Undergrad: 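Before anything else, here's the structure in question.
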Amino acid sequence: MEWSSCSSKTPFQGLLRRKNSQENLDRFIPNRSAMDFDYAHYMLTEGNKKGKEKENPEVTSPSRVAYLKKLAEALNMNRTRILAFKNKPPTPAPKSILSPPPPPPPPPSVSSKPRRCIPQSSERTLDAPDILDDFYLNLLDWGSRNVLSIALGNTVYLWNAADCSTAELVTVDEEDGPVTSVSWAPNGRDLAIGLNNSHVQLWDSHASRMLRTLRGGHQGRVGSLCWNSYTLTTGGIDGRIVNNDVKVRSHIIESYRGHQQEVCGLKWSPSGRQLASGGNDNLIHIWDRSVVSANSPTHWLHRFQEHRAAVKALAWCPFQANLLASGGGGDDHCIKFWNTHTGAYLNSVDTGSQVCALLWNKNERELLSSHGFAHNQLSLWKYPSMVKMAELRGHTSRVLFMAQSPDGSTVASAAGDETLRFWNVFGTPQVSKPLPKAHIEPFAHVNRIR
């Protein structure tokens with residue numbers, strides 16, 4: 001191929017000239033066949049330096065070099081390449097004592113709960129003379145209006161937790177007494193009192209007057225009582241369980257037959273659908289109100305026979321439906337757990353002594369039990385691991401009765417040593433909810449009974 005000899009330059013004309021022309025050697029165009037790499041490298045490095053030294057001889061003068069060095073040091077420009085991999089990063093300057101302190105650690109999480117301190121002694125102790133040392137009775141209850149009722153012999157006393165005042169409600173006749181059970185109605189005003197003569201009295205605690213007497217349900221003492229709305233369930237030494245509608249004249253509406261000996265424990269589930277009963281025959285029955293009727297009084301839902309002694313202590317779990325805890329007497333020592341929906345036997349813990357009463361913590365997964373010989377203590381258990389968290393001692397006789405304050409924080413215990421003790425075992429709830437407005441029905445006045 002021949003190139004044109006016209007005066008106009010072609011695009012590659014500068015590279016086709018001989019090397020004696022230096023004005024065109026500053027361009028680098030990738031035509032490898034026509035390039036002299038050695039000469040180009042020399043001109044890009046040494047050749048340009050010599051040309052510049054000839055044009056500006058003052059650049060290399062000693063005074064100029066010294067000036068440029070001082071200027072570079074002052075401006076921190078004496079580094080060859082800023083991003084060179086071979087150079088290490090500059091050493092950080094030492095911290096001044098005036099430097100701001102490091103930020104404080106983050107505050108603890110709001111969700112983390114402080115460890116609760118469980119008092120090892122009772123915060124208050126009251127005398128309870130003439131209290132019956134009888135395992136099968138239920139002589140203590142704490143109502144929704146923060147009033148505690150306790151039966152001492154033939155007399156029922158009321159202790160108001162708000163002002164710590166005590167009042168006598170009733171003293172029954174010798175032929176009717178002693179009082180064998182007490183239980184507050186849901187309204188916290190009306191109190192049921194079971195008697196040794198098989199009768200049950202209903203009292204208005206505010207007016208200090210008896211509303212009515214329930215007769216005909218039992219043939220001996222009434223040692224256990226439990227409310228389900230306006231229905232009062234009674235358990236007697238005759239083994240019978242009776243549902244009484246206190247708003248009607250013919251109050252006996254249902255009767256359950258399953259125990260062969262005294263019924264000493266009665267508890268309705270929070271839903272009001274299932275009733276748990278424990279007896280001196282070592283049995284527990286679960287009754288479903290939708291199944292039992294007057295035509296089938298022995299048709300229980302479940303029958304548990306694993307305890308080896310009388311079962312008085314019964315407690316429905318407040319945070320898990322259909323979970324029931326039960327405690328056995330002197331020859332049993334065990335706390336057992338049941339699923340009342342399926343009838344499953346879940347767990348058993350040997351406490352080492354007679355189990356007299358059980359209470360669940362309303363705010364935490366904990367269970368409190370009271371015991372007899374040898375330590376007469378209250379034991380706090382973590383559920384479901386059943387690790388013992390604390391033992392509360394102070395009673396010198398078996399702790400037969402326990403009741404829980406409406407807010408769930410305080411537990412009252414009564415024992416055969418004739419003392420009533422108050423324990424702040426469950427602690428103050430983190431969020432205090434106002435108590436629901438008490439409803440004075442179902443039987444505030446006698447003339448409402450038809």
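Bear in mind the structure is a predicted one, so any value in this text is a computation, not a measurement. Starting from 1, each residue takes its place in the sequence as its number.
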Undergrad: So, Asn138 side chain and Gly223 main chain: donor-acceptor pair closer than 3.5 Å or not?
TA: yes
Undergrad: So do the side chains of His259 and Leu283 get within less than 4.5 Å of each other, counting heavy atoms only?
TA: yes
Undergrad: Over all heavy atoms of both residues, which pair between Arg124 and Cys164 is shortest? Give the atoms and the distance, please.
TA: NH2-SG, 3.4 Å
Undergrad: Could you work out, with salt bridge (charged side-chain N to carboxylate O under 4.0 Å, His left out) as the rule, every residue matching Arg240, not counting sequence neighbours?
TA: none
Undergrad: Take His371 and Gln354 through the side chain to side chain contact (heavy atoms under 4.5 Å, CB included) test and state the conclusion after the steps.
TA: CA-CA 5 Å; His371 300 272; Gln354 180 186 48; 6.0 Å; no
Undergrad: Are the side chain of Thr351 and the backbone N or O of His333 linked by a donor-acceptor pair below 3.5 Å?
TA: yes
Undergrad: Once salt bridge (Lys or Arg N to Asp or Glu O under 4.0 Å) is applied, what residue pairs with a partner in residues 160-174 remain, sequence neighbours excluded?
TA: none
Undergrad: Under the ring-ring contact (aromatic ring centres under 6.0 Å, His included) test, which residues partner Tyr67, sequence neighbours left out?
TA: none
Undergrad: Any side-chain heavy-atom pair from Val425 and Leu378 closer than 4.5 angstrom?
TA: no
Undergrad: Under the criterion side chain to side chain contact (heavy atoms under 4.5 Å, CB included), I'd like the reasoning laid out for Asp141 against Leu148: C-alpha separation, chi angles, the key distance, then a yes or no.
TA: CA-CA 6 Å; Asp141 195 24; Leu148 187 78; over 6 Å; no
Undergrad: Applying side-chain hydrogen bond (donor to acceptor under 3.5 Å, both in side chains), name anything that partners Thr233, two or more places apart in sequence or on another chain.
TA: Asn243, Trp268
Undergrad: Sub-3.5 Å donor-acceptor pair from the side chain of Thr180 to the main-chain atoms of Val222, do we have one?
TA: yes
Undergrad: Taking only residues at least two apart or on different chains, which pairs with a member in residues 314-325 satisfy side chain to side chain donor-acceptor pair (under 3.5 Å)?
TA: none
Undergrad: Check for me whether Lys312 meets the cation-pi criterion with Phe135, that is, NZ or CZ under 6.0 Å from the six-membered ring centre and within 45 degrees of the ring axis.
TA: yes
Undergrad: Is any side-chain heavy atom of Val399 closer than 4.5 Å to one of Gln377?
TA: no
Undergrad: Where do Ile131 and Ala151 come nearest, in terms of heavy atoms and distance?
TA: CG1-O, 4.0 Å
Undergrad: Which of these, Trp184, Trp203, Trp159, sits in a side chain to side chain donor-acceptor pair (under 3.5 Å) with Ser149?
TA: Trp184
Undergrad: What distance separates Ile286 CD1 from Leu301 CG, expressed to the nearest 0.5 Å?
TA: 7.5 Å
Undergrad: What ring-ring contact (aromatic ring centres under 6.0 Å, His included) pairs are there with at least one residue in residues 379-416, not counting sequence neighbours?
TA: Phe337-Tyr383, Trp360-Tyr383
Undergrad: Should Arg289 and Arg273 count as side-chain neighbours, where that means a heavy-atom distance under 4.5 Å?
TA: no
Undergrad: Looking at CZ of Phe422 and OG1 of Thr125, how far apart are the two atoms once the value is rounded to the nearest 0.5 Å?
TA: 9.0 Å
Undergrad: Taking atom CZ of Phe373 as the centre, does the number of heavy atoms from other residues, nucleotides or ligands within less than 6.0 Å exceed 12?
TA: no
Undergrad: What residues, two or more places apart in sequence or in another chain, satisfy salt bridge (charged side-chain N to carboxylate O under 4.0 Å, His left out) together with Asp134?
TA: Arg221
Undergrad: Measure across Leu169 and Asp204 and return the closest heavy-atom pair with its distance rounded to 0.1 Å.
TA: CD1-O, 4.5 Å
Undergrad: Minimum heavy-atom separation for Gln404 and Asn361, please, with both atom names.
TA: NE2-CA, 4.4 Å
Undergrad: Does Arg212 reach the main-chain N or O of Arg249 with its side chain, forming a donor-acceptor pair under 3.5 Å?
TA: yes
Undergrad: Got more than 12 heavy atoms from elsewhere within 6.0 Å of NE2, His206?
TA: yes
Undergrad: Please identify each residue that fulfils side-chain contact (heavy atoms from CB on, under 4.5 Å) with Gln260, with sequence neighbours left out.
TA: Asp281
Undergrad: I'd like to know if the side chain of Ser144 and the backbone of Pro186 have a donor-acceptor N/O pair within less than 3.5 Å.
TA: yes
Undergrad: Nearest 0.5 Å, what's the CG-CG distance between Asp417 and Leu400?
TA: 9.5 Å
Undergrad: Looking at Asp127 and Pro129, would you say the former's side chain and the latter's main chain have a donor-acceptor pair under 3.5 Å?
TA: no
Undergrad: Looking at side-chain heavy atoms only, is the closest gap between Arg421 and Leu392 below 4.5 Å?
TA: no
Undergrad: Is it the case that the side chain of Gln274 and the backbone of Gly272 share a donor-acceptor pair, with hydrogens and angles ignored and the cut-off at 3.5 Å?
TA: no
Undergrad: Are the side chains of Asn244 and Ile253 in touch, meaning some heavy atoms are under 4.5 Å apart?
TA: no
Undergrad: Applying ring-ring contact (aromatic ring centres under 6.0 Å, His included), can you list everything that pairs with His307, at least two apart in sequence or on another chain?
TA: none
Undergrad: With side chain to side chain contact (heavy atoms under 4.5 Å, CB included) as the criterion, how do Leu380 and Phe426 come out once you've worked through the C-alpha distance, each side chain's angles and the decisive distance to 0.1 Å?
TA: CA-CA 9 Å; Leu380 182 64; Phe426 291 145; 3.6 Å; yes
Undergrad: Would you please name every residue forming a side-chain hydrogen bond (donor to acceptor under 3.5 Å, both in side chains) with Asp133, sequence neighbours left out?
TA: Arg398
Undergrad: If the plane angle is over 60° it's perpendicular, under 30° parallel, otherwise tilted; pick one for Tyr256 and Trp287.
TA: parallel
Undergrad: Are there more than 12 heavy atoms of other residues, nucleotides or ligands under 6.0 Å from atom CD of Gln219?
TA: no
Undergrad: State, yes or no, whether a side-chain contact exists between Thr166 and Leu126 at a heavy-atom distance under 4.5 Å.
TA: no
Undergrad: If the condition is salt bridge (charged side-chain N to carboxylate O under 4.0 Å, His left out), which residues does Glu391 pass it with, not counting sequence neighbours?
TA: Lys388, Arg393
Undergrad: Closest approach of Trp423 and Gly394, non-hydrogen atoms and distance?
TA: CH2-N, 4.3 Å
Undergrad: Check Ala412 against Leu140 and note the closest heavy-atom contact, atom names and distance.
TA: O-CD2, 3.7 Å
Undergrad: Counting distance only, does the side-chain N/O of Ser370 pair as donor-acceptor with the main-chain N or O of Ala357 below 3.5 Å?
TA: yes
Undergrad: Would Thr234 and Leu214 count as a side chain to side chain contact (heavy atoms under 4.5 Å, CB included) here? Give the steps.
TA: CA-CA 10 Å; Thr234 60; Leu214 306 179; 5.5 Å; no
Undergrad: In chain order, what residues pass the salt bridge (charged side-chain N to carboxylate O under 4.0 Å, His left out) check against Asp331, with sequence neighbours excluded?
TA: none
